[in-house]
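Notes follow once the structure below has been shown.
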Amino acid sequence: MRDRFEPMNRHALWKDVPSVDWNSWTWQQQNRVRTVEELEKLFVLSESERSAVAATLDEFRMAITPYYASLIDPMREDCPIRMQAVPVAKEMEVLPSEYVDPLGEDPRMPVPGLIHKYPDRALLYATHHCPVYCRHCTRKRIVSNPETAPPWSQLQAAFDYIRRTPEIRDVLVSGGDPLSLSDERLEAIFRELRSIPHVEILRLSTRNLVTLPQRVTPNLVRRLRPYLPIYVQTHFNHPRECTQEAYDAAALFADAGFVINNQMVLLKDLNDRVEIVQDLNFKLLQMRIQPYYIHHCDMAQGIGHFRTKIDDGIALLEKLRGWNSGLAIPHYVVDLSPGGGKVALVPNYVEHREGGQWTFRNYRGEKYHLEEPAEASRLTPVE
Ligand code: SF4
């Protein structure tokens with residue numbers, strides 16, 4: 001199975017970089033592509049890209065690791081990696097139906113940097129920094145902005161809030177990408193959270209497996225392992241991102257007992273075809289990553305060019321369910337703006353219902369009738 005994972009080919013610009021540097025996450029961070037001039041050394045830019053890189057530098061910066069940049073097909077403007085990493089002029093178009101804060105996070109921060117939106121879980125904004133700034137990012141209002149970097153005193157206030165809020169049993173360490181922090185800082189965060197008795201579930205939200213797999217080192221894994229169970233939530237969007245390097249990074253986590261799941265975002269002309277999603281999900285399963293969510297592209301400003309129709313998302317799910325192993329079927333969710341939370345959408349398989357008489361269609365469109373026995377038990381009503 002592993003031979004289905006190709007090591008990525010370095011772009012010619014970096015072919016003479018010694019392996020010790022190439023495989024160092026700090027070297028990758030320090031040598032990120034951040035300007036038009038650097039980008040033009042990689043491939044010929046379109047007019048839309050050239051103008052957008054300059055225009056978005058102050059708003060939502062561009063940064064691309066040499067690793068992720070090497071996955072770009074230099075000949076294709078519609079390369080799925082390029083579309084996620086390189087700004088285009090359409091980012092400047094804001095629709096009236098879009099929001100600066102589409103998930104309604106800012107009004108739901110009891111202390112700065114801690115989002116407490118759902119009853120039993122909270123999200124800790126641990127850093128503003130990411131190796132690559134994804135052009136479809138939902139949190140672009142704060143991510144990449146150094147002014148939003150939380151100092152330790154702010155994190156301490158968040159720990160204090162969690163400590164005095166016993167209904168929080170699940171904390172998601174997010175950002176930005178928390179793996180941009182040092183091993184020491186990450187360990188300190190997880191140690192604090194694990195010391196809170198009512199916090200049962202810890203999650204680490206990171207796209208480094210995709211954009212900078214060199215960041216997942218034996219030392220990082222060793223430092224975080226004492227705080228298991230930790231659920232790693234990552235964000236692969238396309239099978240081209242499933243390289244041998246990504247496989248090896250996922251294996252370090254999985255071998256140490258971390259559970260990894262994936263949250264794909266459905267992106268127009270990038271991954272909105274069933275064969276792409278299928279290929280991605282089966283590659284992820286081989287990497288021991290559970291396909292968990294397909295997110296409908298949310299209502300953040302300037303990402304309208306990525307958005308598909310909800311009907312298309314449901315139709316895509318219909319082509320997966322039944323035809324593919326249930327392990328490869330993520331939940332398709334819409335995160336309601338502003339701040340309504342996620343709702344899961346499924347194709348409607350009920351053709352007709354009258355009392356206990358049900359008519360279903362299956363994934364092949366065949367009709368099946370089900371008569372519920374009158375004595376079938378009812379759930380005890382919740383008080
Ligand atoms: S890694 Fe996540 S937080 Fe960072 S830019 Fe990408 S989507 Fe946004």
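Just follow the structure's listing: the first ligand is 1, and inside any ligand the first atom is 1.
Side-chain N/O atoms of Y292 and H331 include no donor and acceptor closer than 3.5 Å. Donor-acceptor pairing under 3.5 Å is recorded for the side chains of R139 and S174. For the residue pair S48 and S46, no side-chain donor N or O sits within less than 3.5 Å of a side-chain acceptor on the partner.
The option from S144, A300, C134 that lies nearest to atom 6 (Fe) of ligand 1, judged by heavy atoms, is C134.
Between H136 and H295, the ring centre distance reaches or exceeds 6.0 Å. Centroid-to-centroid, the aromatic rings of F159 and W152 come within less than 6.0 Å.
Distances below 4.0 Å separate heavy atoms of V132 from the following atoms of ligand 1: 5 (S). Which parts of ligand 1 touch C130 is read off a 4.0 Å heavy-atom cut-off, strictly below it: atoms 1 (S), 3 (S), 4 (Fe), 5 (S).
Atom 1 (S) of ligand 1 has its closest protein heavy atom at R207 CB, 3.6 Å.
For C137, the nearest N, O or S atom to atom 8 (Fe) of ligand 1 falls under 2.8 Å.
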